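Heads up: the structure comes next, in structure tokens.
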Amino acid sequence: MKLVIVESPAKARTIAGYLGEGFVVESSIGHVRDLPRSASDIPASYKGESWARLGVDTENDFKPLYVVPGDKKKQISKLKKLLKEADELYLATDEDREGESIAWHLYEVLSPRVPVKRMVFHEITPDAIRQSVSEPRDLDRRLVDAQETRRILDRLVGYEISPVLWRLVQPRLSAGRVQSPAVRIVVERERERMQFHSAEYWDLEGTFSAAGEAFVATLSALDGVRVATGKDFGADGAAKGSGHVVLDGAEAAALAADLADSDFAVRSVERKPYSRKPYAPFRTSTLQQEAGRKLRFTAQRTMRTAQRLYESGYITYMRTDSTALSEAAVAAARSQISQMYGAEYMPSKPRVYTSKVKNAQEAHEAIRPAGDEFRTPEAVARQVEADEARLYELIWMRAVASQMRDAKGESVQVRLGGVSASDRDAEFATSGKVISFPGFLRAYVEGSDDPDAELEDQERRLPAMAEGDPLGLERLDPKGHATKPPARYTEASLVKRLEELGIGRPSTYASIISTIQDRGYVWKKGSALIPTFTAFATVRLLEQHFGDLVDYGFTARMEQDLDEIAGGDGEMVPYLSAFYFGNGHTGLLDTVAEALDKADARAVNTIPFEGGDGLELRSGRYGPYLQRGEERVSVPEDLPPDELTLEVAEELFAAPSGDRELGTDPESGRTVMAKTGRYGPYVQLAMEEDEKGKPKTASLFKSMELDTVTLEDALTLLSLPRVVGDDPESGEEIQALNGRYGPYIKKGTDSRSLETEEQLFTITLEEALHVFTQPKRRRGQSASAPLRELGIDPDTGCAVVVKDGRFGPYVTDGGVNASLRKEDSVERIDIDRAAQLLRERRAKLEAQGKKVKPCPKAQNG
DNA sequence: CAGTGAGCGAGCTTCCGCTTGACTT
């Protein structure tokens, strides 16, 4: 038996059918080994290494530590079992950098004792598969090196720079070769919008008639000088260049009146043939863009739906950067064209699409209907769900249209004009388009991010006109226009931009969008991607200290270097060493150190704010806020940055967010306010402007909410502290109060927490005195009661127990404590594991030069 | 960012790129 391993289970099923008896086809389900993802993935024997967190031994030739992730272990043992029965192994993963690497990892993990062959194919057809079996090659170690270099570089960048963000911006943030430029693209667009000043300009829209047929034309020139359009204005709102005239509303209205009785005639008619080629079949990025524009799908929904179509055998592989069609696909498209649209829609020769995508690896075909005969959308719709049917139709239309003839027609430009009562020459222009042969447009019209551009695609007919023809004037309307800031990115346009820059891969476009949202860099309003204030702070830090990383050309340069490694003109270790330690330039390691040393957290988190003298916009621990002198006010997180104008800022200062009037305190006559502060929601007795001192405040109980708290609740809260009584021994007053850590009672400088907020009002003097006789202890915790007793630690001879603490469950021997790890649980942990954790903890304490407290028994003996 | 009294066990977060499922309700 010969064992063939491919990457995808669906592919394995198809190929198994083509190879038949004597072959078993299985899948690796993607990569089978990787650097440890998080601390819990690091084997215990490596935990102590200084480089364990990176998973790359930077001191020893960047040797990577590979582990088989938990979710892949089952598949590996399955493959191992099959390999025992096999007398030959074919590694048939994709023929690109990642595929070659998967093949190598499989080889390493399976350590086969039978002959191993590398087998590659680009088309999944019986012929292609049979041919590739008969023409195997060897593993390409250089290509594997290039992948490993890419993998390690990404790890070094991500895991060295992210901690800088934790220190200077916020914990849990992330930086990476791909995500950081993506965030920067969105931030830069928002910056442009923030700096944008709209310009107003006017023209005239005239309705004319020729031979009884009406049409519309726009004022294009006045006294021979071109009338300005949107393109003549800069982002600062000022007109740029010369040779045009800008009209304001009054001028436009005056001109309209002046032209009301003028005679108009056609001045020129210019006809041009019109022709348009179809679009290439889909690759991942264009599918995501079109599904976004036409079906309003997110990138994720598109990929999920395509995955189902692929698994059911309706379409070819959906993660591809190629627009190439196999011969069988071209034949299928052509036969469908002649059947459905007629032979005149079919070009004499098949169209060939060559990809212009940067860094394309082209391991697969374009995305198209599967098989040697395309199933019609109607046939597929009967068998699948709505989303799948719609996406299939889109894929089908695009693939079929790509092999159809060009659309043909004629476009016409008409100029017309007249002279006004005060002798001004006004020229108008209009254009039309007539399609004489629709060609591929019969099957497919591309969607657009810009609705105006989409309109252009429509046919527009004009009446028949010739130079010198007199025209009737039906009406003249002054039209005001305003220039608009560049549109925000959508998922579709961001994917397009990333692809243009060669950043990211087909398998990751959708997850890039998810990542930048999950990390809190970007949020969606409708389909627009809006950067958060955190994103501004992060991008600014990265621009100032890691300019190379967020440079849009970084990935392209890396790809060139990887190509050199793959081609034998470069080597991994010197390359990584230069990148990390530096070589005639500053390496990553020093750049990180310098950033930590020089960057000022306050400056980093301050976002430039136009026009606000003495006004600072900052991203802080509690979200974004504005500061002016001593005054501070929160900025709502869902306020798009470009809407934060000086005017809005003033409004925010005037009415701090979330404030609510609850009513009047009958005793003092003061207004009772509910507010949100640094420590959460609270109520307050308002004070007059000129009053001195501080207003009385009280935190809400946990059971209350800011939106629902009543005046009665507020008055109860504000009645605290309550005097419980006097201590008969010392004479000191005992008070019940609500504080930072919840309800408590206080006697002089001594205090004890209470169990419930209710007790603040019900506790008696006797009960309070009893509470004071007890030792201080944390809320809700009976005096250090262990969750479990594990027995005696063989290392120390002390009893070890599991306790629950602030940071979750931990084990302790009375001297040293150690938190349970992700892979541990209170129920399953045993004494051996606990002893191991304690050993590790002791070692770590010693390494940090801290004292290791011995456990009670060791102390005694 | 409103201001009021503890005592106590840290450890982990993060990258990019391949590929699918899932302890249960």
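Convention: sequence-line order gives letters A, B, ...; per-chain numbering from 1. Keep in mind that this is a model prediction, so the values were computed, not measured.
Here the side chain of A:Ala39 is nearest to one of B:dT13, B:dT19, B:dG5, namely B:dT13. Here B:dG5 is the nucleotide among B:dG3, B:dT14, B:dG5 with the atom lying nearest to any side-chain atom of A:Ser751. Side-chain proximity of A:Ser38 to B:dT13, B:dC15, B:dG11: nearest is B:dT13. Each of B:dC18, B:dA10, B:dT13 was ranked by its minimum atom distance to the side chain of A:Trp166; first place goes to B:dT13. In the set B:dC15, B:dG5, B:dC18, B:dC18 carries the atom at the smallest distance from any side-chain atom of A:Lys72. Side chain of A:Tyr317, nearest nucleotide from B:dT19, B:dC16, B:dA10: B:dT19. Out of B:dT19, B:dG5, B:dC15, the shortest distance to the side chain of A:Ile29 is found at B:dT19. Distances were taken from every side-chain heavy atom of A:Asp34 (C-beta onward) to each of B:dG17, B:dT14, B:dA2; the shortest belongs to B:dG17. For A:Arg319, taking side-chain heavy atoms from C-beta onward, the closest of the listed nucleotides B:dT4, B:dT14, B:dT19 is B:dT19. Comparing B:dC18, B:dT14, B:dG11 by their nearest atom to the side chain of A:Ser819 picks out B:dG11.
Distance A:Leu156 CG to B:dG17 C1': 16 Å, rounded to the nearest Å. We find that CD1 of A:Ile513 is positioned 13 Å from P of B:dC16, with the value rounded to whole Å. Look at CG on A:Asn817: it is 17 Å from P on B:dG7, rounded to the nearest Å. Distance A:Ile152 CD1 to B:dG17 P: 15 Å, rounded to the nearest Å. The distance between atom CG of A:Asn359 and atom P of B:dC16, rounded to the nearest whole Å, is 16 Å. Between A:Tyr580 atom OH and B:dC15 atom P the separation is 17 Å, expressed in whole Å. For the pair A:Asp518 CG and B:dT13 P, the interatomic distance rounds to 16 Å; values are reported in whole Å. Straight-line distance from the CD atom of A:Gln147 to the P atom of B:dC18: 9 Å, rounded to whole Å.
The closest side-chain donor-acceptor pair between A:Gln836 and A:Arg833 falls under 3.5 angstrom. Residues A:Glu100 and A:Thr93 bring no donor and acceptor atom of their side chains to less than 3.5 Å of each other. A side-chain donor from one of A:Ser8 and A:Tyr310 sits under 3.5 Å from a side-chain acceptor of the other. The closest side-chain donor-acceptor pair between A:Gln361 and A:Glu98, if any, does not fall under 3.5 angstrom.
Checked for salt-bridge contact, A:Glu499 and A:Arg283 meet the test: a charged N lies under 4.0 Å from a carboxylate O. A salt bridge is defined here as a Lys NZ or Arg NE, NH1 or NH2 lying under 4.0 Å from an Asp or Glu carboxylate O, and A:Arg628 with A:Glu616 fails to meet this definition. Under a 4.0 Å N-O distance rule, the pair A:Arg319/A:Asp94 does not qualify as a salt bridge. A salt bridge does not link A:Asp34 to A:Lys72: none of the charged nitrogens lies less than 4.0 Å from a carboxylate oxygen.
Residue-level contact check: A:Arg505 touches the backbone only, with heavy atoms under 4.0 Å from sugar-phosphate atoms and none from bases. Residue contacts shown for A:Val157 are absent, as no nucleic acid heavy atom lies under 4.0 Å away. Residue A:Gln179 is in sugar-phosphate contact alone, with no base atom involved, counting any heavy-atom pair closer than 4.0 Å across all strands shown. Residue A:Thr812 is out of contact with every strand shown, counting any heavy-atom pair closer than 4.0 Å. Residue-level contact check: A:Arg519 touches the backbone only, with heavy atoms under 4.0 Å from sugar-phosphate atoms and none from bases. Among the atoms of the strands shown, none is found under 4.0 Å from any heavy atom of A:Ile512. Nucleic acid contact for A:Gly30: base, since at least one base atom lies under 4.0 Å from a heavy atom of the residue. Backbone-only engagement by A:Gly504 is indicated by non-hydrogen atom pairs under 4.0 Å involving sugar-phosphate atoms exclusively. Counting any heavy atom pair closer than 4.0 Å across all strands shown, A:Arg37 reaches a base atom. Among the heavy atoms of the strands lying under 4.0 Å from A:Ser162 is at least one base atom, whether or not backbone atoms are also near. In this structure, A:Pro163 reaches the bases: a heavy-atom distance under 4.0 Å links it to at least one base atom across the strands shown. Across all strands, A:Asp71 comes closer than 4.0 Å to no nucleic acid atom at all (heavy-atom distances).
OP1 or OP2 of B:dA10 lies within a sub-4.0 Å distance of a side-chain N or O belonging to A:Arg841. Between A:Arg97 and B:dC18, a side-chain N or O to OP1/OP2 separation shorter than 4.0 Å is absent. Within the structure, every side-chain polar atom (N or O) of A:Ser507 is placed at least 4.0 Å from both OP1 and OP2 of B:dG17.
Of the possible polar contacts, none joining the A:Asn359 side chain to the A:Gly504 backbone as a donor-acceptor pair under 3.5 Å is found.
The residue among A:Pro506 and A:Leu54 whose nearest nucleotide of DNA chain B is located toward the 5' end is A:Leu54. Between A:Tyr159 and A:Thr508, the residue whose closest nucleotide on DNA chain B is further toward the 5' end is A:Tyr159.
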Trace of the salt bridge (charged side-chain N to carboxylate O under 4.0 Å, His left out) decision for A:Arg177 with A:Asp154: CA-CA 6 Å; A:Arg177 171 178 60 81; A:Asp154 281 335; 2.5 Å; yes

Full working for salt bridge (charged side-chain N to carboxylate O under 4.0 Å, His left out) between A:Arg842 and A:Asp813: CA-CA 12 Å; A:Arg842 275 183 222 111; A:Asp813 62 5; 3.3 Å; yes

Working for side chain to side chain donor-acceptor pair (under 3.5 Å), residues A:Thr320 and A:Ser322: CA-CA 6 Å; A:Thr320 176; A:Ser322 169; 4.8 Å; no

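Applying side chain to side chain donor-acceptor pair (under 3.5 Å) to A:Arg97 and the options A:Gln147, A:Glu559, A:Glu148 leaves one that passes, A:Glu559.
Seen from the ring of A:Tyr521, A:Arg519 does not count as a face-on cation partner, given the 6.0 Å and 45° thresholds.
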Any protein N or O atoms within reach of nucleotides 23-25 of chain B? Criterion: under 3.5 Å, listing atom names and distances.
none

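In this structure, the separation between CZ on A:Phe546 and CG on A:Leu165 is 7.5 Å, given to the nearest 0.5 Å.
In this model, no side-chain donor or acceptor of A:Arg172 finds a partner on the base of B:dC12 within 3.5 Å.
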Dot-bracket encoding of pairs in DNA chain B, which uses [ ] for pseudoknotted crossings and | for another strand, Watson-Crick or G-U under 3.5 angstrom: .........................

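Of the residues in residues 300-313 of chain A, those with a non-hydrogen atom less than 4.0 angstrom from any atom of DNA chain B are A:Gln307, A:Tyr310, A:Glu311.
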